[in-house]
Amino acid sequence: MKIKDAEIISLMQNPRTQEKGVRALMDAYQSRLYWHIRRIIVDGDLAQDTLQETFIKAYQNFHQFKNDSQLYTWLYRIATNEALQQVNKMKKMQKTDEDPEYYMQNLVADNTEGDAEEIQLFLQNAIQSLPEKQKLVFMMRYYDDLPYEEISKIVDMSVGTLKTNYHYAKQKIEEYIKENYER
């Protein structure tokens, strides 16, 4: 039985049922948010940590949820911000030979699981090469199939700008594949 957002909100707003509300919130959105974060961060353990931080922030700041957007949109925005903060931390700590492209190339080179996984890793490498805004828009639209209106609320950009970013992201990924994929 899936619990509705209205029920989760009601549980979260009542101090006596808040713990039950947090569990319901996590049950309802854990998987979707994890995969969103995972596409930004790539590392599974770090994505899991970031997901936990997302739920902690949601719990601590639930009083700021104004109910003027969907609960998922609000959570998605928190998850996106947490993931981007994590990426920025990683960039500061990385050595030059440990950049995402180097990491992804090594994963592809070491891959023995088959072509499908290799292609997925190559696509992730192409996505990681995009500028941050284009990467976010592409992942939300391509993987999560979110409408531009929802993405607009999450990243605080106009729909027109989002469509342009998505278009450029697709072009850059196609160029990356044409230039780098050898078969």
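Met140 is not listed as a side-chain neighbour of Leu162, based on a closest heavy-atom distance of 4.5 Å or more. Side-chain atoms of Met26 and Gln52, non-hydrogen and from C-beta on, do get closer than 4.5 Å to each other. Between Val22 and Leu11, every side-chain heavy-atom pair lies at or beyond the 4.5 Å cut-off.
The ring pair (Phe, Tyr, Trp, His ring centres under 6.0 Å) contacts involving residues 137-158 comprise Phe138-Tyr142, Phe138-Tyr166, where partners must be two or more places apart or lie in separate chains. Within the structure, every pair that satisfies the ring pair (Phe, Tyr, Trp, His ring centres under 6.0 Å) test and touches residues 43-64, not counting sequence neighbours, is listed here: Phe62-Phe65, Phe62-Trp74. Counting only residues at least two apart or on different chains, the salt bridge (charged side-chain N to carboxylate O under 4.0 Å, His left out) pairs with a member in residues 47-63 are Lys57-Glu82. Applying the salt bridge (charged side-chain N to carboxylate O under 4.0 Å, His left out) test to pairs two or more places apart or on separate chains, those with a residue in residues 125-135 are Lys91-Glu132, Glu132-Lys135.
Between Ala47 and Arg38, the closest heavy-atom pair is CB-CA, 3.8 Å. Of all the heavy atoms in Ile173 and Ala126, the pair that sits closest is CG2-CB, 4.2 Å. Listed here is the closest heavy atom pair of Ser129 and Tyr176: OG-CD1, 3.7 Å. Across every non-hydrogen atom of Leu130 and Lys172, the tightest pair is CD2-CB, 3.6 Å. Of all heavy-atom pairs between Lys153 and Thr73, the closest is CB-CG2, 3.8 Å. For the pair Leu51 and Gln30, the tightest heavy-atom approach, listed with the atom from each and the gap, is CD2-CG, 3.6 Å.
Qualifying salt bridge (charged side-chain N to carboxylate O under 4.0 Å, His left out) partners for Arg77, counting only residues two or more places apart in sequence or in other chains: none. Residues forming a salt bridge (charged side-chain N to carboxylate O under 4.0 Å, His left out) with Arg39 (at least two apart in sequence, or on another chain): Asp144.
Comment: Glu19 engages Arg23 in a salt bridge, judged by a side-chain N to carboxylate O separation of less than 4.0 angstrom.
Note that CD of Gln86 and CG of Asp43 are 9.0 Å apart. Values are rounded to the nearest 0.5 Å. To the nearest 0.5 Å, atom CG of residue Asp45 and atom OG1 of residue Thr50 are 10.5 Å apart. Note: Asn165 CG to Lys170 NZ = 13.0 Å, rounded to the nearest 0.5 Å. Atom OG of residue Ser69 and atom CD of residue Glu149 lie 14.0 Å apart, to the nearest 0.5 angstrom. To the nearest 0.5 Å, atom CE of residue Met139 and atom NE2 of residue His36 are 6.5 Å apart. Rounding to the nearest 0.5 Å places NZ of Lys4 at 13.5 Å from CG of Leu71.
Linking ILVMFWY side-chain heavy atoms closer than 4.5 Å, directly or via other members, places Ile56 and Leu25 in two distinct hydrophobic clusters.
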- Tyr168 and Val137: side chain to side chain contact (heavy atoms under 4.5 Å, CB included), yes or no, with the steps? CA-CA 10 Å; Tyr168 285 133; Val137 172; over 6 Å; no

- Message: Determine whether Tyr29 and Asp5 satisfy the following criterion, side chain to side chain contact (heavy atoms under 4.5 Å, CB included), listing intermediate values before the conclusion.
- Response: CA-CA 10 Å; Tyr29 294 108; Asp5 283 356; 2.3 Å; yes

- What do the steps show when you test Leu33 against Ile78 for side chain to side chain contact (heavy atoms under 4.5 Å, CB included), and what is the final call? CA-CA 10 Å; Leu33 289 174; Ile78 295 170; over 6 Å; no

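The side-chain contact (heavy atoms from CB on, under 4.5 Å) with Thr80 is formed by just one residue from the set Ile151, Leu75, Leu136, Ile37; it is Leu136.
Donor-acceptor pairing under 3.5 Å is recorded for the side chains of Thr161 and Ser158.
Formation of a donor-acceptor pair under 3.5 Å by the Ser152 side chain with backbone atoms of Met157 is found in this model.
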